[in-house]
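Structure first, commentary second.
Lettering of chains follows the sequences in order, A, B, ..., and the numbering in each one begins at 1. Since this is a predicted model, take the numbers as computed values, not measurements.
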Amino acid sequence: MNVMQQMQEKLKTAIQQAVISAQLAKEEEIPSIILEQPKDKTHGDYATNVAMQLARIAKKAPRQIAEEIVEQLKDSNDLVKKVEIAGPGFINFFMNNQYLNDLIPVILEQGNAYGSSDLGKGVKVQVEFVSANPTGDLHLGHARGASVGDSLSNVLQKAGYEVEREYYINDAGNQINNLAYSVEARYKQALGQDAAMPKDGYHGADIIQIGKDLAEQYGDSLLEKSETEQFTFFRDYGLKYELEKIKRDLEKFRVPFDHWFSETSLYTEDKVVPAIEVLREKGYIYEQDQATWFKTTEFGDDKDRVLIKSDGSYTYLSPDIAYHKNKLDRGFDRLINIWGADHHGYIPRMKAAIQALGYDEDTLKVQIIQMVNLFENGEKVKMSKRTGKAVTLRELMEEVGIDAMRYFFVMRSSDSHLDFDMDLAKSQSNENPVFYVQYAHARICTMLKQASEKGITYDDYDVSLIQSEKAEDLLKKLGEFTTVVEDAATNLTPHRITQYVFDLASSLHSFYNAEKVINEDDIPSTKAKLALMNAVSITIANALALIGVEAPESM
RNA sequence: GUCCCAGUAGCUCAGCAGGAUAGAGCAACAGACUUCUAAUCUGUAGGUCGGGCGUUCGAAUCGCUCCUGGGACGCCA
């Protein structure tokens, strides 16, 4: 618990005691005390609505209750400078901001670790994301999924969860056959032969490149192999090529994975049949029309789902159930899957599987990422994966840069559609929030550097010299960071981090314009401000690190 | 037809375990650089929170219903 949170807890306890001393309610009747930060500064630093909540229990008017609470609070508290009753019965607290002085030393000492907490208490969480089929380049949607997944994982880690990031490789099934046939066709075309692409083939430029590579390396010698040998070769070559490309791209995008899980391994290690058998033993499986069905309707799904088709092959649901059983068997307390919006209809059956396996429905959380629309020159860029004309993650990294992408993709709530404006992301102007935030960090670094060149150190700073309103606003913002991270972790909303860091940068710029930091005629005050600046730069850098954006020292 | 997401300022979006006068950025308008980076700041203006009904002392937030946009509804993955 950080300085800010300790203080809030103390205040809550004091309020609770005051309610009891005023004999307004019995201890068990008191609602949990909610402290909110009023939007309007004239309403104090914190406000509570407890008097309104107690109106029914105490059978008194809220303002009357508020007065009685305030009366009891008076003697007990040195945290509070002033208390006011306002509006329908709000109690507004104006805090004695002395506590803020403790903040700077704590931030400077904690450094990179500032913002962490033990909220998660080491609970084991697995985050599975991207998991794109290894049949082509990663595109925009994957980029958003990668950004959100990685940022969310960082946030959870910062909040004290034990996190593992996993990529599920769909290296079995029809799409891989199509990949093999597509590679074959491109290879033959590269040899000058007239070969048609398969009906559901992959038309990306990367597959054309594979064809050329193979033609160059092997000539037409591959055609001498038997048909099955050819198929296996094209499949394995294509798979390896695509997967390594994906790994390279994600690494460059600063999205590391702890584990790459192969779908094929579910078959080679015989995990699929046993998973279905578990469901069968529990009575959730039946046979009908020569197919094997899973009673997902027992868990609220629209209709039951087929696991084994009448031709004896599995539907995609079967390995997915086996996969999720495997995840749970590995001992994760919580599973988070990040899926594109086009898979949302799949949630009920996956949750059904989790419950049928004997786990609570909430063990699995599926975070849906809405679609991304790309805009260039004010126009929507059309995309189609089928014809291979999609804008790829790699192209975008080259064109707009990683920092802007990482920031933009996580800037909006995941369940809002995202308009990605290429021109804005590329622009080095005040319209671009990434530059705004990075500039704040760079500005501080410049000041710290200049101070150091002038021989001003701040190891013996006196925080009590920080008095101005702008500086206090900055301090309050700094103090919120840990709570913001916890909030983002609890609600799985990494976009809170971009909002926060933008606000913090805004406070910094405002402070910068109002006050000069380095003043050689007032060294004590300069030292205090330098310490504050350093604390701000640490916090900005920590927040940016959570979303995979660099904090430059100069721009 | 069923389900999911969205509908908030001119534009892009926050806010949605109910709380005071609904916020931010951009765009618009008016100002601030002989100063640690003006990639910045200060101010003004801008809103029946898609419509209606309901629950509540109190609703952008909860419930019902309708409208609009996007997506999903396979023994495809």
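- In this structure, the separation between CZ on Phe408(A) and OG on Ser147(A) is 12.0 Å, given to the nearest 0.5 Å.
- Distance check on atom P: rA9(B) versus rC49(B) gives 10 Å, rounded to whole Å.
- Here rA22(B) is in the anti range [glycosidic angle more than 90° from 0].
- Glycosidic torsion of rC49(B) falls outside 90° of 0, placing the base in anti.
- For the P atoms, the distance from rU61(B) to rA22(B) is 15 Å, rounded to whole Å.
- In this structure, Tyr323(A) and Tyr168(A) have parallel ring planes: the angle between them is below the 30° cut-off, well short of the 60° mark.
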- Query: What's the verdict on side-chain hydrogen bond (donor to acceptor under 3.5 Å, both in side chains) for Asn170(A) and Tyr316(A), showing C-alpha distance, side-chain angles and the deciding distance?
  - Reply: CA-CA 10 Å; Asn170(A) 291 101; Tyr316(A) 56 96; over 6 Å; no
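- Here Phe90(A) lies parallel enough and close enough to stack on the base of rA20(B), with planes under 30° and ring centres under 5.5 Å apart.
- Relative to the side chain of Lys303(A), the nucleotides rC13(B), rG74(B), rC41(B) differ in distance, and rG74(B) lies closest.
- The aromatic ring centres of Tyr181(A) and Phe234(A) sit 6.0 Å or more apart.
- Of the candidates rC75(B), rC36(B), rA38(B), rC75(B) carries the atom nearest the Thr315(A) side chain, counting heavy atoms from C-beta on.
- Atom name C1', nucleotides rU35(B) and rC16(B): the rounded distance is 45 Å, in whole Å.
- Out of rC36(B), rG19(B), rG70(B), the shortest distance to the side chain of Asn49(A) is found at rG19(B).
- For the C1' atoms, the distance from rC3(B) to rG74(B) is 16 Å, rounded to whole Å.
- Applying the 3.5 Å distance criterion, the base of rG71(B) shares a donor-acceptor pair with the side chain of His344(A).
- Looking at Ser310(A), its side chain comes within 3.5 Å of the base of rC75(B) through a donor and an acceptor atom.
- Rounded to whole Å, the P atom of rA17(B) lies 24 Å from the corresponding atom of rG54(B).
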